Amino acid sequence: MPLSKILAPNFDLAMTLDSGQVFHWERTGNGFVGAIGNNAVYVEQRANSLATSGRQQEVRHYFALDHPLAEICASFPNDPVMNAAREFCRGLRIIRQPKWECLATFICSSMKQVAHIRQISKKLRERFGEARRFENQVVYSFPNPDRIGASSEKELRKCALGYRAKNLLATARHIASGEVDLEKLAQLPDVDLRARLCELPGVGAKVANCVMLFAYERLRAFPIDVWIERVLREKYFPRARKLNGARLTAFTGEYFGDHGGYAQQYLFHHARKSRAKISRKSNRAGFVTVSGVR
DNA sequence: CTCCAGGGATGAT
DNA sequence: ATCATCCATGGA
């Protein structure tokens with residue numbers, strides 16, 4: 001299949017796909033295969049462009065190649081922590097994900113590591129989605145709310161969902177029934193959109209902010225998960241007592257500005273990747289771990 | 001083996 | 001209004 005070329009300066013495909021915002025892309029050959037909506041797509045990074053099997057407009061929109069990344073990064077606060085993350089995450093973009101796919105995936109994300117979320121996404125797709133093909137590879141679309149809603153908690157639990165199955169099922173049914181229209185919610189301002197999302201089972205402030213940032217293009221939305229909270233406490237409030245969630249939310253909303261969600265994603269990815277590297281190095285350098293003593 | 005993860009809902013202070 | 005506890009699962 002012939003690949004078409006898309007100009008894509010200031011974009012790092014591999015880092016973007018590995019940054020914990022989307023969970024179904026897989027490496028193959030020199031690139032990645034995945035689904036954009038219901039279409040199987042292959043994407044490969046070249047020097048200053050992408051080579052892809054997908055429709056150019058669709059790929060450009062999905063990867064948000066129109067975001068003015070230089071301006072966005074320049075709007076971040078100028079402090080040592082943020083500067084290090086900005087440097088580390090060059091070319092990382094916030095993807096425009098389909099709303100239901102993003103919402104459903106993040107309902108499944110609670111108390112799960114990124115690797116687990118990838119497995120859950122894969123199982124949901126394989127069991128309930130539709131097969132699409134790129135050359136000899138099969139990828140699966142994310143099942144729509146009707147398909148998930150027509151399932152059962154028992155069936156969903158087979159996808160390693162655990163206690164999250166009940167929430168995913170209930171939310172799918174709210175949407176399948178037409179009671180909630182995710183597309184229509186896009187008209188609402190941030191505060192109202194967040195409130196409406198939080199009415200759905202399994203959706204709290206953190207998941208709502210992820211969906212706002214990754215699917216509604218609300219670039220101020222600032223999800224606070226365990227990694228970000230650690231960064232905030234250790235780097236921005238070194239010795240603050242009685243620092244609750246409300247105070248952190250107030251601080252991040254004010255301090256990180258109009259593209260706070262982008263700043264958050266850079267802090268998240270930097271923290272996650274650099275900490276993993278340090279612990280591996282420590283082991284290789286010969287530190288005796290507790291389990292090694294046995 | 002133990003630890004912990006892109007949390008949310010619920011019930012007790 | 002804040003805080004503690006429980007909820008399933010599996011990679012590291």
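Note: hydrogens, waters and symmetry copies are ignored here, and every other heavy atom, side chains too, is used. Being a predicted model, the structure only gives us computed values, none of them experimental.
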Before we go on, tell me: are the rings of A:Phe106 and A:Phe23 under 6.0 Å apart, centre to centre?
yes
Return whichever of A:Ala246 or A:Gly162 has its heavy-atom-nearest nucleotide of DNA chain C closer to the 5' end.
A:Ala246
A:Glu217 and A:His67 side chains, donor-acceptor separation under 3.5 Å:
yes
For nucleotides 7-13 of chain B, give me one character per nucleotide, 5' to 3': B if any protein heavy atom sits under 4.0 Å from the base, S if the only such contacts are to the sugar-phosphate, - if neither.
BSS----
With sequence neighbours excluded, what pairs up with A:Phe128 under the ring pair (Phe, Tyr, Trp, His ring centres under 6.0 Å) test?
none
Rounded to whole Å, please give me the gap between CG in A:Leu103 and P in B:dG6.
19 Å
Given the P atoms of C:dG11 and B:dC1, what is the spacing between them in whole Å?
15 Å
Provide, to the nearest angstrom, the distance between the NE2 atom belonging to A:His116 and the P atom belonging to B:dC4.
14 Å
Base, sugar-phosphate or nothing for A:Ser19? Non-hydrogen atoms, less than 4.0 Å.
base
Rounded to whole Å, please give me the gap between NZ in A:Lys242 and C1' in C:dC3.
14 Å
Please check: side-chain N/O of A:Thr171 versus main-chain N/O of A:Leu168, any donor-acceptor pairing under 3.5 Å?
no
A:Phe142 and A:His24 aromatic centres sub-6.0 Å
no
Mind checking A:Leu161 for me? I need base, sugar-phosphate or nothing, with any heavy atom below 4.0 Å counting as a touch.
nothing
For A:Thr28 and A:Gln137, which I'm curious about, is there any donor-acceptor pair between the side chains at under 3.5 Å?
yes
Do any N or O atoms from the side chain of A:Gln265 and from the backbone of A:Ser19 form a donor-acceptor pair under 3.5 angstrom?
yes
Suppose we define a pair by two distances each less than 3.5 Å, Watson-Crick or G-U wobble; what does C:dA12 pair with here?
B:dT2
Can you tell me whether the side chain of A:Arg164 and the base of C:dA8 have a donor-acceptor pair closer than 3.5 Å?
yes
Whole angstroms only, please: what is the CG-P distance between A:Leu243 and C:dT2?
13 Å
Just call it for A:Gln265: base, sugar-phosphate, or nothing, with non-hydrogen atoms closer than 4.0 Å on any strand.
base
Does the ring of A:Phe106 meet both stacking tests against the six-membered base ring of B:dG6: centre distance under 5.5 Å and plane angle under 30°?
no
Is A:Arg230 near enough to B:dA5 that one of its side-chain N or O atoms lies under 4.0 angstrom from OP1 or OP2?
yes
B:dG6 and C:dA4, which share atom name C1', separated by this distance in whole Å:
22 Å
